[in-house]
Trainee: 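Take this structure first; my questions come after.
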There are 2 protein chains.
Amino acid sequence: MILTLDTNRECPGLVDKFELKLDQAARAAWLSYVGGRTQDEIASQLGVSRPGVQRLLALARQEGLVKVHIDHPLANCMVMSNAIVKHFALDFCDVVPAEPGATDSGSHYLAVAGAERLSRYLDRGEPLTLSLGTGRVVRATVEAMSRIDRPQHRFVSLVGNVARDGSSNRYDGVMVLADKTGGERFLLPAPVVAGTVEEKHALLGQRLFQAIAEVAKEAEAAFIGVGRIDRQATLFQDHFISEAELGELLEREAVGELLGWPLNQAGEVIDCSITRRVTSLPLEMFRDQSLVALAGGHDKGPAILAALRGGWLKGLVTDENAARYIVEHGIG
Amino acid sequence: MILTLDTNRECPGLVDKFELKLDQAARAAWLSYVGGRTQDEIASQLGVSRPGVQRLLALARQEGLVKVHIDHPLANCMVMSNAIVKHFALDFCDVVPAEPGATDSGSHYLAVAGAERLSRYLDRGEPLTLSLGTGRVVRATVEAMSRIDRPQHRFVSLVGNVARDGSSNRYDGVMVLADKTGGERFLLPAPVVAGTVEEKHALLGQRLFQAIAEVAKEAEAAFIGVGRIDRQATLFQDHFISEAELGELLEREAVGELLGWPLNQAGEVIDCSITRRVTSLPLEMFRDQSLVALAGGHDKGPAILAALRGGWLKGLVTDENAARYIVEHGIG
DNA sequence: TCAACTATCGATCAAATGATCGACTAGATC
DNA sequence: GATCTAGTCGATCATTTGATCGATAGTTGA
């Protein structure tokens with residue numbers, strides 16, 4: 001004889017017992033979650049002991065009788081945030097809602113969320129070393145920060161603030177942040193990608209460069225952007241890499257970059273001619289730091305996913321669109 | 001200038017502040033109710049203090065962001081039960097689901113629910129006096145009781161167990177209950193409605209009658225049925241009242257009866273020729289007892305509602321159909 | 001029929017929650 | 001610009017909740 005779950009008149013003994021318990025569980029759940037009674041009240045109302053109510057509530061949750069819905073656009077973000085944190089073993093993942101009338105890449109929400117994370121570090125009284133990457137979002141993030149007096153902190157830029165033409169970027173993120181806090185600033189006197197391998201080694205050999213690298217190594221956290229690898233890539237648009245080199249990267253199936261280091265779909269650093277000219281500190285260095293990526297937009301999805309898969313990141317601040325891509329392609 | 005609640009670009013100061021707080025509240029609510037985190041975890045994740053999380057959660061609930069749904073047929077019953085308890089100031093109200101393949105009046109669920117309430121009294125060790133009315137549901141309720149050894153309890157019948165033809169009802173609820181518990185039984189040697197006013201006074205004058213009434217007055221609780229007043233009424237079907245008397249009751253807008261006492265829509269006892277022949281103890285006597293009504297079915301709705309409106313009841317065991325009638329006509 | 005095992009139940013304690021209170025900050029008013 | 005007020009924030013305590021453990025009863029198998 002097969003046990004069925006519906007109210008079967010033929011074999012009332014077993015089924016009804018469970019059904020009855022479920023009924024009680026539903027009652028208890030209603031009184032608790034909807035009615036807002038305490039477990040003691042429910043116990044006396046249902047005529048069972050308080051631990052009994054406990055068990056009924058546990059049963060109700062376990063059997064999926066209790067459905068909670070958060071009626072707010074952010075609820076969806078939270079679902080994805082949760083999934084991403086769990087799947088990629090992050091410390092945190094902030095997903096901001098897709099801004100209604102925003103452009104592809106520049107979301108103000110993203111900057112605010114990033115600024116909030118940044119503030120969490122800066123608020124502290126003890127001296128702190130923090131490093132910053134480049135990217136529109138990193139820049140917008142530090143700009144979204146409100147002024148706060150923290151002269152004890154130190155800020156290091158992880159990628160050179162020297163453009164291809166040799167000009168220094170006056171408004172590097174580190175500059176803005178140091179201005180807003182009164183902290184110390186350490187700028188890397190180099191381009192992201194050196195012109196030649198020799199140039200790279202010359203740079204790396206400089207005492208100043210090494211001193212700054214030392215400071216960066218002491219940083220507790222790094223806030224960086226995530227770059228795409230395609231014709232819209234910052235690396236290409238800013239002429240750090242040539243069209244031919246872009247082609248090489250695409251051929252090697254690069255989908256994103258972190259501090260100039262190209263990554264494939266699995267998140268592994270691709271060893272190629274460009275890699276040998278990248279002046280940034282090696283990604284391995286950040287394994288025991290909090291590497292936080294700030295990036296959003298559906299188009300950035302593959303790049304962010306690669307960074308996640310590589311296990312480089314400890315934290316992620318992104319938006320609904322990128323999160324959806326990541327969940328669909330990287331988890332679902 | 002009028003403040004609007006949507007994201008208004010023109011006046012970002014005030015609105016955005018509230019929106020931002022609501023966003024945080026939604027996040028906190030999600031983490032708490034869906035994610036199952038503790039408030040401490042949420043606090044560190046959101047970067048606020050624990051009391052802050054408390055306030056956010058309170059806000060989320062207050063703003064209706066949190067929707068809880070109990071996925072079980074009983075959820076609906078609980079909603080109505082709650083409404084009835086509150087509106088009529090009852091101690092309790094049990095609403096059982098409408099039994100799928102049940103007849104109008106005889107629901108087994110109702111009897112089980114009634115038996116459960118009854119057990120709550122009987123379980124006690126201290127001697128207890130309980131009185132019982134008549135009605136199919138009362139009868140089914142005591143029959144649904146499992147045997148339990150309680151010789152210290154006393155059971156009194158509130159309405160006569162003598163039919164119009166003088167025959168005694170062998171299976172009065174009190175008999176069954178006394179049999180099942182081993183308790184003492186007190187039966188009223190009278191019909192519900194006496195043949196004449198004189199007969200009533202003769203009955204009321206009997207020492208036995210008075211002795212039993214005394215016991216009934218000591219009762220802690222009374223479990224009674226609720227009668228309809230129409231051609232299907234038990235009073236009429238069992239020939240306690242004539243067709244003419246039924247007509248009189250209907251003319252006086254009687255909609256129900258409690259222990260033979262006819263009630264109008266407002267729940268007031270109607271003073272008429274029948275009232276003067278009812279032998280039952282006056283309803284006022286039960287004001288300081290727990291008067292529990294057992295009755296269900298859509299057709300009983302008006303009668304039960306009248307009893308509730310009169311404020312006679314302390315407890316009610318009913319079914320979904322009657323409860324719906326009560327909520328719709330008496331509360332909604 | 002007895003024994004052993006298992007499932008259930010209630011007492012106890014630690015953790016989490018809700019609420020109150022005082023202090024502080026920002027905004028308003030004079 | 002000073003002071004007042006209202007609103008917010010965080011420390012503390014009472015209450016509520018969750019979990020573990022021992023006990024008990026019911027059941028199953030020998």
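Worth saying up front: this structure is predicted, and the values here are computed from it rather than measured. Just the heavy atoms: all of them, side chains too, but no hydrogens, waters or symmetry mates, feed the values below.
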Trainee: Just the rounded figure in Å: distance from C1' of D:dG7 to CG of B:Leu59.
Mentor: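 B:Leu59 atom CG is separated from D:dG7 atom C1' by 14 Å.
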Trainee: To the nearest Å, how far apart are A:Leu57 CG and C:dA16 C1'?
Mentor: 16 Å
Trainee: Answer whether the closest heavy-atom distance between the side chains of A:Val317 and A:Phe92 falls below 4.5 Å.
Mentor: yes
Trainee: Rounding to an integer number of Å, can you tell me how far A:Leu46 CG sits from C:dC9 P?
Mentor: 13 Å
Trainee: N/O contacts under 3.5 Å, protein versus nucleotides 11-13 of chain C?
Mentor:
none

Trainee: Is any side-chain nitrogen or oxygen of A:Arg61 closer than 4.0 Å to OP1 or OP2 of D:dT17?
Mentor: no
Trainee: Just to be sure I understand the geometry, which residues of residues 38-45 of chain B put a non-hydrogen atom under 4.0 Å away from DNA chain C?
Mentor: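 The answer is B:Thr38, B:Gln39.
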Trainee: Between B:Leu56 (CG) and C:dA19 (C1'), how many Å, whole number?
Mentor: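 Interatomic distance, CG of B:Leu56 to C1' of C:dA19: 16 Å.
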Trainee: Hey, are A:Glu116 and A:Arg120 close enough for a salt bridge, meaning a charged N less than 4.0 Å from a carboxylate O?
Mentor: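 Judged by the 4.0 Å cut-off on N to carboxylate O distance, A:Glu116 and A:Arg120 do not form a salt bridge.
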Trainee: Any side-chain N or O of A:Gln54 less than 4.0 Å from the OP1 or OP2 oxygen of D:dG18?
Mentor: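 So the side-chain polar atoms of A:Gln54 do come within 4.0 Å of the phosphate oxygens OP1 or OP2 of D:dG18, strictly under.
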Trainee: Are any of the side-chain heavy atoms of B:Leu118 and B:Met145 separated by less than 4.5 Å?
Mentor: yes
Trainee: Is any side-chain heavy atom of B:Thr141 closer than 4.5 Å to one of B:Leu132?
Mentor: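 When only atoms from C-beta onward are counted, B:Thr141 and B:Leu132 do not touch, as no gap falls below 4.5 Å.
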Trainee: With sequence neighbours excluded, what pairs up with A:Tyr121 under the ring pair (Phe, Tyr, Trp, His ring centres under 6.0 Å) test?
Mentor: A:Phe223
Trainee: Measuring only between side-chain heavy atoms, which start at C-beta, is B:His72 closer than 4.5 Å to A:Glu63?
Mentor: no
Trainee: Is there side-chain contact between B:Leu313 and B:Phe88, with heavy atoms separated by less than 4.5 Å?
Mentor: no
Trainee: Quick one: are A:Asp179 and A:Arg185 in side-chain contact, heavy atoms under 4.5 Å?
Mentor: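 In short, these two side chains touch, coming nearer than 4.5 Å.
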